Number of protein chains: 2
Amino acid sequence: MNPLADFVAVIPAGGAGKRLWPLSRAAQPKFLLDLTGVGRTLIQQAWDRLEPLAGANRVEVVTGAAHAAAVAAQLPGLDHSTAAASTNEPSLVSQGLAAPESDQRGDSSCRPSNGASRLGHRDNLLIEPGPKDSMPAIALAAAIAQRRYGDVVVGSFAADHIIDDQRAFAQAVEAAYLAALEGFIATIGVKPTDPTTAYGYIKAGPSLGLVQAPQIKRVAAFKEKPDRATAERYLADSDYRWNAGMFVFRASLVAEQLRRLRPGLADGIGRMADAWDTDQREAVAAAVWPGLERIAFDYAIAEPVAAEGGLATVPGDFGWSDLGDFASLADLTAPDADGVTRLAQGSGPAPVALDSDGAVMVTADGRLVALLGLPDAVVVDTPTAVLVSSRDRLQDVKALVEHLEKSGLRDYL
Amino acid sequence: MNPLADFVAVIPAGGAGKRLWPLSRAAQPKFLLDLTGVGRTLIQQAWDRLEPLAGANRVEVVTGAAHAAAVAAQLPGLDHSTAAASTNEPSLVSQGLAAPESDQRGDSSCRPSNGASRLGHRDNLLIEPGPKDSMPAIALAAAIAQRRYGDVVVGSFAADHIIDDQRAFAQAVEAAYLAALEGFIATIGVKPTDPTTAYGYIKAGPSLGLVQAPQIKRVAAFKEKPDRATAERYLADSDYRWNAGMFVFRASLVAEQLRRLRPGLADGIGRMADAWDTDQREAVAAAVWPGLERIAFDYAIAEPVAAEGGLATVPGDFGWSDLGDFASLADLTAPDADGVTRLAQGSGPAPVALDSDGAVMVTADGRLVALLGLPDAVVVDTPTAVLVSSRDRLQDVKALVEHLEKSGLRDYL
């Protein structure tokens with residue numbers, strides 16, 4: 001297909017993926033890993049989905065200084081300056097699950113200035129000076145795109161989700177693009193396949209009545225992560241969809257809404273965008289960014305604008321997962337005859353399990369992992385750390401990682 | 001104390017300790033490991049207990065070809081020839097739990113001939129050409145001792161047990177020595193401390209009436225491993241003791257009983273013993289040993305002779321364990337405040353556990369092991385293999401190891 005006219009895709013690449021520790025590490029978070037074993041990391045898969053829709057020079061990634069070099073190495077297409085080619089060192093390329101520690105230390109040791117200078121001036125790798133959640137990152141990328149290309153349509157898509165059906169995804173983005181041209185902030189609502197309590201939901205209202213895309217509806221409301229009973233009800237009601245955090249909108253519309261709803265944030269973003277493609281980029285960013293409000297796009301823009309009828313939702317049915325924890329990772333692979341899901345990566349023998357129906361075993365090392373008499377156990381073996389958990393506690397792996405942080409075990413995060 | 005007159009201590013060093021996999025390995029079985037973290041391996045601890053009782057030149061070890069070099073390296077006192085000193089290479093010294101694979105391969109690659117030639121002629125390291133259980137090993141050691149020193153008293157003690165109170169142990173051996181001089185095969189019966197079903201029991205009969213040792217009683221019967229209810233009854237009855245496999249007897253008496261009860265075995269052992277300290281050692285051993293019956297001392301001698309009133313039992317109360325599995329290994333260490341027993345060896349951080357009361361964590365590597373929400377789980381981390389088990393399945397670790405053998409995973413055994 002041809003790229004959409006005046007469309008810029010933004011990939012906010014933040015988030016540590018703590019619930020996937022010890023696969024996902026502070027210096028090697030999940031979006032840099034080939035978690036699905038397809039030979040492409042999650043952010044490379046996001047690029048592969050979006051590059052045909054936006055065009056090679058119209059995909060922007062926003063990430064932190066610690067991961068800039070690794071992202072540049074994984075996505076050489078981001079970079080238009082020759083100098084940057086030199087950053088594409090093998091030692092920075094993610095080795096997937098088996099990424100050696102040394103690489104990770106290498107990544108985390110890089111500085112924004114290194115990143116920016118190495119990566120050139122008008123490249124599409126936007127380095128944020130610090131984590132501020134999704135609103136500042138998306139607004140900055142949109143504002144920079146608007147200054148570079150005019151009032152384009154911007155689509156923002158996470159760096160660490162997976163999608164099975166690329167064609168259905170592209171069709172959903174095209175429909176969202178139409179809604180954006182009609183003056184809506186469009187969000188793709190993913191058709192639920194199970195009553196999960198792990199996601200927020202979108203309640204669809206009446207159709208916008210667009211002739212070319214009658215399936216596009218107004219967003220009636222965003223719903224927080226529900227309890228099980230509520231989720232069962234949502235699953236039975238075709239008006240409810242998973243909020244996958246995919247937003248498509250005119251750059252000027254979000255700039256205007258941000259000025260109205262978060263004037264301080266809008267002002268700071270505007271100043272940074274004005275300076276971005278000048279030699280003042282780093283000076284202004286250093287002066288402005290630390291003072292910006294830390295907030296998600298959903299709360300700052302999507303929910304208040306939806307309450308005013310300004311959001312549209314496009315139904316998406318293309319096999320989506322946010323790979324939030326080891327349970328969702330395991331869901332991608334069928335269990336073996338013994339009921340054990342084995343995700344063996346790299347060299348080494350397949351993990352061995354006896355009397356452990358429902359267990360999940362992830363091996364990334366050359367070692368033998370043997371499980372005996374522990375149904376629904378989860379074992380994740382990496383070269384430097386091992387996680388052993390019960391399946392029903394996988395949501396708490398994040399709390400475990402925060403416990404490790406407090407315990408001064410940073411080398412293992 | 002002075003050594004006992006005309007006393008030879010024998011340490012049969014066989015047994016793979018499969019239920020302690022992956023700490024105990026085919027090439028590095030438990031008796032070669034410092035499982036208790038005291039800086040001495042189990043066989044070195046056995047030597048330390050017995051050398052004062054028998055004298056340095058009167059402790060014999062019987063082991064297989066695969067472990068001869070490692071035993072020689074750990075017990076230089078076994079060897080009276082200068083040539084043998086050259087076997088004491090660091091690469092053969094057990095590194096305890098963290099023993100590198102390379103050492104293990106090194107050990108397992110040595111041959112009986114190498115061992116024998118390297119270890120000289122009249123040394124006390126007796127290499128058995130193949131595993132035949134305890135009867136042939138003990139009978140051979142006793143017959144060689146009889147030819148070297150006359151009709152000595154022989155005491156046989158396992159290479160891989162632990163004993164807390166050395167003084168009480170020495171007193172029990174002295175009493176058993178007295179009973180042996182009176183013409184009995186004496187066995188030390190360990191006072192039970194819990195109703196375990198993991199050990200066989202000895203039922204004591206009436207006292208022998210020895211003035212110097214009235215506590216020595218005739219053995220009424222040997223009892224197989226009991227069920228829980230029976231074990232409870234045994235624990236309440238002071239006449240029942242654990243069979244720790246410790247036997248003390250005159251060399252001539254066991255030779256005579258063996259001729260009577262197992263004439264074929266007696267004949268073969270006699271021929272090997274006659275040739276042992278000649279240049280015919282290996283030729284005769286190679287011709288005779290493979291045809292010998294594989295049988296335990298308990299079945300071949302102790303039980304039938306006990307039935308005829310020829311066995312005596314000495315009470316032992318010195319803190320004994322055979323370290324049969326990870327539960328008995330964990331019993332040696334008090335749990336932490338969170339109810340988790342941590343056996344951390346070598347470098348690396350202490351293992352982390354959340355909501356896992358009753359768990360056992362053994363770490364032998366520099367890696368971080370984290371356990372979440374699995375009470376009574378057992379995690380054993382080594383450089384090449386990881387075991388994760390439920391505590392109530394630890395007896396089945398042996399079956400797991402045999403499953404690995406069948407699965408062609410010999411490199412990990």
Side-chain angles (χ1 to χ4, degrees), chain A residues 19 21-22 25 101 325-326 338 348-356 359-361 363 365-413, chain B residues 19 21-22 25 101 325-326 338 348-356 359-361 363 365-413:
Chain A
R19 283 173 300 157
W21 181 88
R25 309 295 276 261
E101 288 300 276
D325 60 24
F326 286 107
D338 60 358
V352 172
L354 295 180
D355 306 329
S356 301
V360 178
M361 304 178 77
T363 53
D365 199 352
R367 309 176 335 134
L368 176 66
V369 180
L371 181 62
L372 175 62
L374 280 172
D376 296 317
V378 177
V379 183
V380 183
D381 182 50
T382 75
T384 56
V386 188
L387 169 69
V388 180
S389 174
S390 65
R391 196 162 180 158
D392 60 6
R393 295 295 300 277
L394 288 172
Q395 289 287 319
D396 301 327
V397 171
K398 182 174 182 181
L400 170 69
V401 169
E402 285 154 3
H403 173 80
L404 300 180
E405 284 169 347
K406 291 191 199 76
S407 308
L409 292 165
R410 286 190 172 64
D411 289 353
Y412 297 92
L413 302 181
Chain B
R19 283 174 298 157
W21 181 89
R25 310 294 276 260
E101 288 302 277
D325 60 23
F326 286 108
D338 60 359
V352 172
L354 295 180
D355 306 328
S356 301
V360 178
M361 303 179 77
T363 53
D365 199 354
R367 309 175 333 134
L368 177 65
V369 180
L371 182 62
L372 175 62
L374 280 172
D376 297 317
V378 177
V379 183
V380 183
D381 181 51
T382 76
T384 57
V386 189
L387 169 69
V388 180
S389 174
S390 64
R391 196 162 181 158
D392 61 6
R393 293 297 299 277
L394 289 173
Q395 290 286 317
D396 301 327
V397 171
K398 182 175 182 180
L400 171 69
V401 169
E402 284 154 3
H403 172 80
L404 300 180
E405 285 169 349
K406 291 192 200 74
S407 307
L409 292 165
R410 286 190 172 66
D411 289 354
Y412 297 92
L413 303 181

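This structure is a prediction, so every number in the text was calculated from the model and none was measured.
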Is it the side chain or the backbone of A/Val380 that comes within 4.5 Å of chain B heavy atoms, both, or neither? neither
Out of A/Asp396, A/Leu372, A/Asp381, return the one with the most heavy atom pairs under 4.5 angstrom to chain B. A/Leu372
Here the pair of heavy atoms bringing B/Tyr412 nearest to A/Gly366 is OH-O, 3.2 Å
Chain B contact via A/Leu404 - which portion, at a heavy-atom distance below 4.5 Å: side chain
When only pairs under 4.5 Å are counted, which of A/Leu394, A/Leu371, A/Val397 shares the most heavy-atom pairs with chain B? A/Leu371
Determine whether A/Leu409 and B/Leu368 make a side-chain contact, defined as any pair of heavy atoms from C-beta on separated by less than 4.5 Å. yes
Among B/Ser390, B/Ala353, B/Ala399, which residue has the highest count of heavy-atom pairs closer than 4.5 Å to chain A? B/Ser390
Given a strict heavy-atom distance threshold of 4.5 Å, which part of A/Leu354 is in contact with chain B: side chain, backbone, both, or neither? side chain
